[in-house]
Each structure stands twice: as C-alpha cells, then as structure tokens.
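One is the number of the first residue; the rest follow in order along the sequence. Note that the structure is predicted; figures quoted are calculated from it, not measured.
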Amino acid sequence: MEEFIKNKDPISHIKGENLTLNKISNSIFIGDFEKRYIYYNDTFFNSNILQRNNKRKIKYENLEIIESFENIFIFTEQYGDKNIFHWINEYAPNFFFLFDLIKILPNIKIIVNKNARLSKNIKQLLLLIPEMKESNIYEFDFNKRCIGIKANNLFIGDDTGRKDGGSPNIINIWKKIRPIIKIKAINKSLLPKNIYVSRRQTPKPGNGRILINTDEISEYIIKKGYTEVFMENLSIEEKIHLFENCDKIICELGAGIANFFMCKKSVDCIILLQNNIQNRNFFKYSMSPFIMSLAARSRHTLVFGKTISQNHNGNPICTPWKLDLKDLQKFI
C-alpha cells in the first residue's frame with residue numbers, strides 16, 4: 001500500500017481481495033443534485049460506483065470548489081446511499097482498503113453523503129476502524145448545485161460488487177476484519193435468540209413490497225417467541241451483536257437479508273416472499289449469496305404468499321402481497 005500511495009503516476013491502482021483501489025491525482029470530486037462526477041485532466045467522468053444511468057452534463061464554469069484536501073476517499077454511491085442492500089452488496093467491500101489507508105494517511109478525508117438514509121450507519125461502521133476519527137469523515141451535501149472538493153490524491157474503489165460473485169466479497173472481508181474492529185463487549189445473555197426482522201416500520205414511499213396482512217403475521221410470529229426488531233432503529237454495533245448471537249431468524253424478502261453476513265454460527269432462517277418469478281429471481285440472484293454464506297449447518301425455508309396487485313413503484317418485485325397464516329403455521 002505504501003508503494004501504491006507514493007506512486008507518482010497520475011492514475012494508478014492496486015488490487016486486493018478481488019477488488020481494485022484506484023488513485024487519481026490532482027482531481028475534483030463533484031456533487032450536483034445527487035449526481036456524482038470526477039473531474040480530471042479537463043474531462044468529466046463517472047464510474048458506475050458513483051452513479052447509474054448518468055445523463056446530465058455539467059459545465060466547469062458552474063463549478064464551485066468548497067474544499068481542498070491532500071487525500072480523499074470516496075465512500076458514497078447513489079443507490080447505496082438509499083438502501084442497505086445496495087450499499088453492502090456493491091460498495092461496502094471497499095471498506096477493506098481503509099484499514100491500511102488510514103494508517104499511512106491518518107488525515108485522509110472519507111466522503112459520505114450528508115443526506116443519505118444510511119449516513120448514520122455508514123459513519124458508525126467507519127468508526128469501528130481502530131485508527132478512524134470523526135474528523136476523518138466529511139459529510140458532503142449532494143442536494144446542492146455543482147460543488148466540488150479538490151484533492152491531490154483521490155482514492156475510489158471499484159464496483160466489484162456488481163460482478164458475478166461480488167456478494168461474497170463483503171462476507172470474506174468481514175471474516176478478516178471482524179477480529180480487529182473496535183466494538184464494545186456486552187452481556188450476550190441479554191440478547192434474543194430468535195429474531196423477527198420486521199418491515200412494519202419501513203417507510204411507505206420506499207416500501208412498494210407491502211405485506212397487506214403484516215400485523216396478523218407479525219403478531220403470530222411474536223406469540224411464537226420471536227423478538228421483533230427493526231433494522232432502521234439499530235446501530236451497527238447493535239446489529240453485529242444481534243446477528244452474531246441469534247439462533248433463528250424470520251424475515252421478509254428484502255434488504256434486511258444483507259445483514260446475514262454478520263452471523264457467526266449456524267442459524268435457521270424462514271424467509272417470507274411472493275410466489276412470482278420476479279421475487280423468486282430476486283432471491284436466487286441477489287439474496288441467495290448471503291444465505292449461502294451462513295455457517296455450514298444453517299438451514300433456510302421459503303414460505304410463499306400471493307401477489308394481490310401488479311402495481312409497483314417502478315420495480316416489478318415491489319408489488320403488494322398477502323401471506324396465508326396457515327402456510328406460515330406449517331413451519332412455526
């Protein structure tokens with residue numbers, strides 16, 4: 001890593017854990033109403049890790065430089081800012097590089113989206129790195145028009161998470177970094193062994209995949225001895241302790257499954273989902289890598305419900321549905 005940092009080439013990269021860390025000298029990181037760009041050598045460009053489906057073009061004369069730093073690490077992505085699954089699956093693996101970078105460059109600035117839904121959890125995760133300080137984290141306001149941060153060296157990871165086999169990257173990396181992150185010890189006997197990862201509090205605008213009889217299903221699960229937990233209300237440390245110590249998990253198909261990489265021992269999982277091709281494929285291609293990463297003796301069961309409407313918010317997996325309580329009673 002030290003050789004890579006000292007490299008005088010204007011653009012260079014280093015590989016580790018099937019990931020690539022890129023370094024771009026004398027560049028500007030730009031935010032423009034949620035769009036993200038890098039300006040280098042009179043050229044604007046964006047990699048997939050910055051944003052997707054980029055159509056807007058900006059003009060350099062409209063750019064306002066608000067900060068200038070020696071070194072920055074871009075730790076932000078447009079989809080990942082909104083959804084924990086996208087962030088863990090597509091960008092969190094690059095967290096791996098920070099353990100070495102921060103040792104060599106203790107004043108490096110880590111750029112996160114000030115207004116991201118996940119900003120609190122992202123900052124909490126960063127602060128688990130032993131050498132990381134709050135002063136290393138720079139919150140960038142992407143809601144403003146065409147503002148930029150200059151850097152002598154700009155570091156950005158790649159988007160390996162979107163390639164085949166990308167999901168296991170964070171799982172393998174977690175096994176290596178878990179022993180060295182700074183996390184407080186707690187009395188594990190106070191933690192629930194059986195948890196129900198509930199979506200009852202998921203904000204409706206982002207929750208087109210609504211289980212219309214969620215109260216009926218949830219109350220039954222709770223009566224069967226499961227503790228209802230809401231991922232959006234938990235800190236990163238609380239999630240780590242919770243998943244490391246549980247024996248049984250019930251959840252709907254959704255972003256919460258991405259937290260399964262934290263499980264350290266064998267668990268039994270029951271996953272509730274719609275019986276249609278869109279949701280089956282979503283589980284098979286997006287979520288199953290997290291299921292398959294569980295300890296060898298783990299088991300998972302799929303319990304299917306019925307789609308009741310084809311209306312969705314632009315994503316065909318996010319349709320309203322209903323689960324027959326009798327189908328769930330067969331398993332718990």
NZ/NE/NH1/NH2 to OD/OE distance under 4.0 Å, [X] and [Y]:
{"X": "K306", "Y": "D324", "value": "no"}
{"X": "R117", "Y": "E232", "value": "no"}
{"X": "R299", "Y": "D268", "value": "yes"}
{"X": "R145", "Y": "E64", "value": "no"}

Subject >> Nearest heavy-atom neighbours spanning P192 and L242 >> reply: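 Residues P192 and L242, closest heavy atoms: CG-CD1, 3.8 Å.
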By salt bridge (Lys or Arg N to Asp or Glu O under 4.0 Å), which residues pair with [X], not counting sequence neighbours?
{"X": "E131", "value": "none"}
{"X": "E238", "value": "none"}
{"X": "R178", "value": "E244"}

Subject >> Donor on one side chain, acceptor on other, E228 and S198, under 3.5 Å >> reply: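 Checked: E228/S198 side chains pair up, N/O donor to acceptor below 3.5 Å.
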Subject >> Cation-pi check, R200 onto F230 ring (under 6.0 Å, within 45° of axis) >> reply: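 Ring-cation test returns no.
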Original post:
For the ring pair F29 and Y39, is the centre-to-centre distance below 6.0 Å?
Top reply: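 That pair fails the under 6.0 Å test.
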**OP:** Taking the six-membered ring for Trp and the full ring for Phe, Tyr or His, determine whether the centres of F97 and F95 are under 6.0 Å apart.
**Re:**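 When the ring centroids of F97 and F95 are compared, they turn out to be at least 6.0 Å apart.
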Subject >> More than 12 heavy atoms from other groups under 6.0 Å of NZ on K120 >> reply: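 Not more than 12 within 6.0 Å, no.
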**OP:** Answer with yes or no whether the hydrophobic clustering places I24 together with I104; edges join I, L, V, M, F, W, Y residues whose side-chain heavy atoms lie under 4.5 Å apart.
**Re:**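 I24 clusters together with I104.
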Original post:
Is it true that I72 and I66 fall in one hydrophobic cluster, defined by side-chain heavy atoms closer than 4.5 Å?
Top reply: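 The answer is yes; both residues are in one hydrophobic cluster.
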Original post:
When the ring planes of W174 and F261 are compared, do they come out parallel, tilted or perpendicular, using 30° and 60° as the limits?
Top reply: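 Correct class here is perpendicular.
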